Amino acid sequence: MITLNNQSALVTGASSGIGWAIAVALGKAGANVAINYHLDQEGADRAAQEIRREKGRAFVIQADVSDEAQVASMFQETLREFKALDILVSNAGIQKDAKFVEMTLDQWQGVLGTNLTGAFLCAREAARIFLRQGLVPNRSRAAGKIIFVSSVHQAIPWAGHANYAASKGGMLLLMKTIAQELAPYKVRVNAIAPGAIKTPINRKAWETPEAEDSLLKLIPYDRVGETQDVAPVAVWLASDQSDYVTGTTLYVDGGMLLYPGFRTGG
Ligand code: BGC
C-alpha cells in the first residue's frame with residue numbers, strides 16, 4: 001500500500017477528467033492536495049469533498065496556468081496552506097482542433113499556452129520550491145517530484161491536431177531536459193502518456209457505439225481507458241517506490257503505441 005502521508009501536492013486542471021482522478025487518488029494515498037481549476041469551480045469542489053470525505057486535506061485554487069502571475073500566486077497560496085510542496089502534477093490541457101491549413105494563430109497559441117507554457121511555468125515554480133526546501137528525509141527520498149500528464153501524441157503524429165501534438169512533443173523534451181538538469185538535486189521528473197481515456201476532452205470519440213467501435217480499432221487491448229487506469233500510475237510516480245525512476249514516460253494506452261494496423265497488415 002503506497003502512502004504519501006505528510007506530503008503535499010498540487011494538481012493542475014483537476015476539476016475534471018484525468019486531473020480530477022489523480023487529485024483524488026493522491027488525497028486518498030494521504031497527500032494534502034491543492035486542486036487547481038481554470039473555469040469549473042464546481043468540479044474542483046467535488047474533488048476536494050471526495051478527499052475530505054476520507055479525512056484528507058484539500059483546497060481548491062483558481063488559476064490560468066498559461067499566466068505567469070497567476071501561476072506564481074497559486075504556488076504561494078499552496079505554500080501558505082500546506083507549508084511545503086513535494087509533488088506537482090502538471091496536467092491542465094486543452095484541444096482546439098483544426099485542419100492545419102485552417103488553424104488560426106489563436107488556436108495554435110491557446111493550446112501551446114496551456115499545454116506547454118503552462119507546464120513550463122508550473123514546473124519552474126515547483127522546481128524553485130523543491131530546491132529551496134532540499135531533502136526532507138522523513139517525507140520522501142526525493143526533494144520533489146514533477147509529473148507531466150502528456151499524451152500518446154508526444155510520439156504519435158495526429159492529423160488535424162498539429163497544435164496539440166506539437167505541445168505534447170515539446171513536453172517530452174521539456175520533461176527529459178529538466179529531469180537531467182534537476183536529478184543532482186534529487187528532483188525526479190517523469191511523464192504519463194495516456195491514450196484514449198474517457199473524459200470530456202474526447203467525448204465525441206467514444207460517446208456513440210459507432211464512434212467507440214472506430215476508436216477501438218486503434219487500441220489492441222480492446223477497451224477505451226478510464227481515468228482510474230491513469231490515477232494509480234501518478235500515485236506510484238509520486239511515491240518512493242519509483243525513487244530510481246526519472247526522465248521517463250509511462251504510456252497508459254492499452255497498446256495504442258503498438259502500431260495496431262500491423263496486427264493484420266504489413
Ligand atoms: C487526446 C484525446 C485522444 C487521445 C488518443 C489524448 O491526448 O486528448 O482526445 O482521444 O489522446 O488519441
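Everything numeric in this text was worked out from a predicted model, so none of it was measured. As the structure lists them, so they are numbered: ligands from 1, and atoms in each ligand from 1.
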Item to check | Rounded distance [0.5 Å steps], CE in Met256 versus NE2 in His153 | outcome: 6.0 Å
Checklist outcome for this item: Residue, atom and distance of the protein heavy atom nearest atom 10 (O) of ligand 1 read Asn202 ND2, 3.3 Å
Checklist entry - If you measure from CZ on Arg139 to OG on Ser8, what distance do you get to the nearest 0.5 Å? => result 7.0 Å
Item to check | Heavy atom of Gly195, distance to ligand 1 below 4.0 Å | outcome: yes
Item to check | Protein contact to atom 3 (C) of ligand 1 [nearest heavy atom, distance to 0.1 Å] | outcome: Trp158 CH2, 3.8 Å
Checklist entry - So among Asp240, Asn6, Asp86, which one has a side chain to side chain donor-acceptor pair (under 3.5 Å) with Ser140? => result Asp240
Checklist entry - Should you measure from each heavy atom of Ser151, which atoms of ligand 1 turn up under 4.0 Å away? => result 6 (C), 7 (O), 11 (O)
Next on the checklist: Regarding ligand 1, does His153 bring an N or O atom to under 3.5 Å of one of the ligand's N or O atoms?
Outcome noted: yes
Checklist entry - Considering only heavy atoms, does Lys168 approach ligand 1 within less than 4.0 Å through its side chain, its backbone, both, or neither? => result neither
Checklist entry - Going by heavy atoms in the side chains, are Leu10 and Phe82 under 4.5 Å from each other? => result no
Next on the checklist: As an exercise, identify every atom of ligand 1 less than 4.0 angstrom from a heavy atom of Ile201.
Outcome noted: 8 (O)
Checklist outcome for this item: Per-atom filter on ligand 1: closer than 4.0 angstrom to a heavy atom of Gln95 are 1 (C), 2 (C), 8 (O), 9 (O)
Checklist entry - Hey, which atoms in ligand 1 end up nearer than 4.0 Å to a heavy atom of Met256? => result 5 (C), 12 (O)
Item to check | CA sep, side-chain torsions, deciding dist, call: Thr12, Asn36, side-chain hydrogen bond (donor to acceptor under 3.5 Å, both in side chains) | outcome: CA-CA 5 Å; Thr12 67; Asn36 158 258; 4.8 Å; no
Item to check | atom 6 (C) of ligand 1 [closest protein heavy-atom partner, distance rounded to 0.1 Å] | outcome: Tyr164 OH, 3.5 Å
Checklist entry - Does a side-chain heavy-atom distance below 4.5 Å link Val187 with Leu131? => result yes
Item to check | For Glu226, the option from Val230, Asp229, Val224 that meets side-chain contact (heavy atoms from CB on, under 4.5 Å) | outcome: Asp229
Item to check | Over 12 foreign heavy atoms within 6.0 Å of CD, Glu68 | outcome: no
Checklist entry - With a 4.0 Å cut-off on heavy atoms, is Trp206 touching ligand 1? => result no
